[in-house]
Amino acid sequence: MAKFRRKTCIILSLFILFIFCLMMVLKMLRPNTAFGTPFGLDLLPELHPPNAPLENKADFPKSDRINMETNTKNLKAAGVTVQPPKDSEVNPEELPPLNYFLHVFYYSWYGNPQFDGKYVHWNHPVLEHWDPRIAKNYPQGRHTPPDDIGSSFYPELGSYSSRDPSVIETHMRQMCSASIGVLALSWYPPDSNDENGEATDHLVPTILDKAHKYNIKVTFHIEPYHNRNDQNMYTNVKYIIDKYGSHPAFYRYKTRTGHSLPMFYVYDSYITKPDVWANLLTSSGSQSVRNSPYDGLFIALLVEEKHKNDILQSGFDGIYTYFATNGFTYGSSHQNWANLKSFCDKNNLIFIPSVGPGYIDTSIRPWNTQNTRNRVNGKYYEVGLSAALQTHPSLISITSFNEWHEGTQIEKAVPKRTITTAYLDYRPHKPSYYLELTRKWSEKYSKERMTYALDQRLPTS
């Protein structure tokens with residue numbers, strides 16, 4: 001009987017040990033999230049035609065399907081916020097060479113209690129679908145930082161504030177490491193803001209100062225503020241040039257005629273009629289900036305093919321495509337870039353293709369999974385950059401440095417898990433992976449551009 005009990009105890013102990021070891025192994029395994037379509041299918045625009053109406057940026061669905069980057073979040077749990085490094089002295093001689101023909105879209109709309117008294121943008125609301133029958137199937141409400149943020153990825157810097165000088169410094173250091181020469185700052189007029197944020201114009205002086213420290217230039221990405229028209233655009237362009245135009249970090253592009261002019265990206269330019277833009281952008285317009293101290297290069301967003309003629313009538317100086325979503329719009333489809341470049345060359349316009357590392361906005365638009373663009377460990381980004389280089393563009397823009405809501409960021413992201421959410425990350429690569437890829441392609445672009453710049457009479461510095 002004693003032998004039987006001893007044998008039973010040994011068997012039970014071994015069984016418990018086996019269960020314990022099995023649980024430890026399962027705990028260490030990374031959950032498999034790669035259940036999407038094979039690489040290549042989501043990169044072919046003809047397989048994923050656009051299927052959603054264009055609206056303003058705050059509720060605009062932009063991307064394509066792949067379940068590999070699906071996010072399930074209602075969130076709440078503990079996490080670690082990484083503090084940015086303190087400011088340090090920079091030796092200009094130690095800075096890497098920057099490519100001033102490579103621009104990146106930058107957002108300064110984030111806030112947290114330490115610097116802003118509350119969270120801003122990290123607590124983005126979950127946006128309802130315009131069809132009530134679809135909307136009822138998805139959660140509503142707002143995100144609750146710091147562990148539950150309006151993003152499918154989690155920043156290395158945590159839920160930071162764009163007011164924090166050390167955060168801005170870190171961002172400039174990251175851009176510099178990626179060989180990015182120009183940041184295109186999302187901009188609203190003073191005392192204006194997007195519907196989920198607060199005024200940010202007061203941050204521009206600090207951004208300019210920090211950018212200059214790293215030899216980075218700053219241009220302006222003018223957002224579709226309330227009642228934007230030719231008259232208040234003239235006022236705002238004048239404000240930007242008068243207030244910031246003398247700063248050494250203020251960006252100017254040298255044209256083929258030898259003039260160095262400020263550049264303004266104009267988001268959602270197509271929502272304003274061509275005749276209104278013509279008042280501002282043609283020499284005979286009633287609010288014309290042409291041949292004045294407030295002249296510049298105004299770059300229109302091209303979404304649909306029909307916008308080409310509107311852009312010509314408006315008097316714009318070039319086009320950009322913004323969306324990091326191959327196949328979603330005519331402008332963002334790689335297969336159309338050669339035709340767009342030919343159109344721009346024919347009409348003396350600057351063509352600026354926009355490339356992004358991927359797209360996923362299901363943290364704020366949970367009904368938009370069909371538009372996700374999987375990063376495929378950097379392959380999607382490299383396919384886009386290669387497509388852009390093949391057009392021999394004057395400039396290339398990157399969407400984006402830190403648009404976290406739409407998952408287009410190249411800023412450092414880290415693995416993070418809460419009770420209900422596993423954030424996406426860049427593994428098996430490092431948090432700096434997309435900065436490193438950007439540097440690799442920036443150097444490649446810089447070399448290739450030198451080979452065709454003279455033939456196209458493009459500036460080389």
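Note: hydrogens, waters and symmetry copies are ignored here, and every other heavy atom, side chains too, is used.
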TODO: Could you tell me how the ring of F105 sits relative to the ring of Y320: parallel (under 30°), tilted (30 to 60°) or perpendicular (over 60°)?
DONE: tilted

Open item on the list: Please verify the inter-ring angle class for Y322 with H221; under 30° counts as parallel, over 60° as perpendicular, anything in between as tilted.
Closed with: tilted

Open item on the list: Looking only at the aromatic ring of each residue, does the gap between the centers of H121 and Y107 stay below 6.0 angstrom?
Closed with: no

Task: Parallel, tilted or perpendicular: rings of Y381 and Y434 (30°, 60°) - done: tilted

Open item on the list: Quick check: do L183 and M172 have side-chain heavy atoms less than 4.5 Å from each other?
Closed with: yes

Open item on the list: Are the side chains of D116 and R163 in contact, using a 4.5 Å heavy-atom criterion?
Closed with: yes

Task: Greater than 12 external heavy atoms within 6.0 Å of D131's CG - done: yes

TODO: Identify whether NZ of Lys or CZ of Arg in K416 sits under 6.0 Å from the centre of the six-membered ring of Y154 and within 45° of that ring's axis.
DONE: yes

TODO: Identify whether the distance between the nearest side-chain nitrogen and carboxylate oxygen of K213 and D209 falls below 4.0 Å.
DONE: no

TODO: Applying side chain to side chain donor-acceptor pair (under 3.5 Å), name anything that partners N112, two or more places apart in sequence or on another chain.
DONE: none

Task: Geometric class of the Y106/F401 ring pair [parallel <30°, tilted 30-60°, perpendicular >60°] - done: tilted

Task: ring-ring contact (aromatic ring centres under 6.0 Å, His included) between W404 and F153, intermediate numbers included - done: CA-CA 7 Å; W404 288 93; F153 294 84; 7.0 Å; no

Task: Quiz item: cation-pi between R449 and F101, 6.0 Å / 45° - done: yes

TODO: Flag the pair W367 / W130 as yes when their ring centroid distance falls below 6.0 Å, and as no otherwise.
DONE: yes

